[in-house]
Amino acid sequence: MNIKDKNLYYIGGVVRDEILGKPSFDTDLTYRGNAIDFAKTIPDIEILQINEPFGTVRIKSGGKEFDIASTRTETYPRKGHLPEVDKIGCSLKEDVMRRDFTINALAKSTLTGEIIDYTNGLEDIKNKTLRILYDTSFIDDPTRIVRRLKFAVRFGFDSDEHTRKLQNDYLDNINYDMSYKRLKKELVETFNLNKREAFEKFIKQRIYKLVAPVDFTLPEYDFENLIKMNLSNISQSNIWIIYVGLLPDISNLPLTKAENKIIEEFKKLKSTIFNNDFEICKAFNAAPIESVIMYSTVNHKTAEKYLTKLKNIKLTLNGKDLQNLGIAPNAKYRECFDYILKTKIPNPQMTKADELKLAKEFFNLS
Ligand code: CTP
């Protein structure tokens, strides 16, 4: 980014990540004053979007997009929901103090490269500590409890005692009137990391209670590796639901159609008794792979057997081959395929010619 100004600072994650030597997902900037007015004075940039109430502006410069926020103070008239802007153009210190953790409260001057550290964030990075900035932070924004978990797992950091106490206090007294859209966003980012450690902390520290006031114990089976082994068939953005979807009630979370289907199919598998490999194959072939991995917490041997062996047993014969035998498409096709699959499961080396023979046998053709 080549825009430099004495009032323009890199802020939040980008500064933290640079110090940690990690790649950053986005580049946040804050302007001490009004960012929208400032953006209008920058030559050779394109203004893409202005959000007047929040004092933010999205610009394109040198082919890249950046968000510039005005320094602002905020209040939370409705706890657990989006804050309201109190004052735009406040001091940098005031802007920093409304944020979540000291490690996310560092600013870096675009002009001099100086790091401005009002909250001892640098020391906390060195000591791998997540420290909340003010005592009512989790009450204002409980999604920060999940953010804490996300950063703990991502960076291997731990919380200071006071932050942990504030988290426990909040979890003893959760206000369920919160923005579940925001909570979901943080859950997605945390669990898409695919770390058993995150799930263990989520359960052991009772963070899952934010989703619903239910009881839940950590499933014994660790499916982190099962996910890794099947990554080519799982959408990266669906990993989170394999974990969080195991909770007995996630109806507060706004789910997509695909996420709902994963949960429904898992429940179906869970309530089915399988008598043989053919039944497993039929049921699991019809379910999303994410549901199958969830099922590993019910019976990991069955899930593993399916994923490593049964899933790969596929018929080479198709409808066209049956038509070539002179059989017009009809409901019997499915029965025929099942008949062949039943034979092929214990004999996976079967060739297409073997399958064709079985099809002829099924339709009584010589
Ligand atoms: N922030 C906050 N409270 C939240 C979300 C964000 O105080 N609930 C502040 C933090 O200072 C954070 C910044 O806004 O650094 C930007 O938020 P976001 O982009 O979500 O997080 P990053 O810290 O950039 O982390 P990531 O690398 O996960 O994007």
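No experiment lies behind these values; they were computed from the predicted model shown. Both ligands and their constituent atoms are indexed starting at 1 by order of listing.
- For ligand 1 and G12, the ligand atoms under 4.0 Å from any heavy atom of the residue are 15 (O).
- Remark: ligand 1 and E186 share no N or O pair separated by less than 3.5 Å (distance only, no angle test).
- Of the protein's non-hydrogen atoms, the one nearest atom 29 (O) of ligand 1 is F25 CD1, 3.9 Å.
- For D28, every heavy-atom contact with ligand 1 shorter than 4.0 Å involves the side chain, none the backbone.
- From the protein, the heavy atom lying nearest to atom 7 (O) of ligand 1 is D100 N, 2.8 Å.
- In this structure, atom 23 (O) of ligand 1 lies nearest to the protein heavy atom R16 NH1, 3.0 Å.
- In this structure a side-chain-to-backbone donor-acceptor pair under 3.5 Å is missing from T75 to P77.
- Between the side chains of E361 and Y339, at least one donor N or O lies within less than 3.5 Å of an accepting N or O.
- The protein non-hydrogen atom at the shortest distance from atom 3 (N) of ligand 1 is R144 NE, 3.1 Å.
- A salt bridge does not link R32 to D95: none of the charged side-chain nitrogens sits closer than 4.0 Å to a carboxylate oxygen.
- Looking only at protein heavy atoms, the nearest one to atom 21 (O) of ligand 1 is R147 NH2, 3.3 Å.
- At least one heavy atom of R154 sits less than 4.0 Å from an atom of ligand 1.
- When ring centroids are compared, F274 and F284 come within the 6.0 Å threshold.
- A side-chain N or O of D354 and one of T351 form a donor-acceptor pair less than 3.5 Å apart.
- Among protein heavy atoms, the minimum distance from atom 24 (O) of ligand 1 is reached at G13 CA, 3.6 Å.
- The atoms of ligand 1 that sit less than 4.0 Å from any heavy atom of K150 are 28 (O).
- When only non-hydrogen protein atoms are considered, atom 9 (C) of ligand 1 lies nearest to R99 NH1, 3.8 Å.
- The aromatic ring centroids of F191 and Y243 lie less than 6.0 Å from each other.
- The protein non-hydrogen atom at the shortest distance from atom 8 (N) of ligand 1 is D141 OD2, 2.7 Å.
- Checked by atom type, the side-chain pair E355/T316 shows a donor-acceptor distance below 3.5 Å.
- Residue-level proximity to ligand 1 for T143 is carried by the side chain, the only part with a heavy atom below 4.0 angstrom.
- Summarising the geometry, atom CG belonging to N285 is positioned 8.5 Å from atom CG belonging to L310; distances are rounded to the nearest 0.5 Å.
- Defined by atom type and a distance below 3.5 Å, a donor-acceptor pair is missing between the side-chain atoms of R182 and T143.
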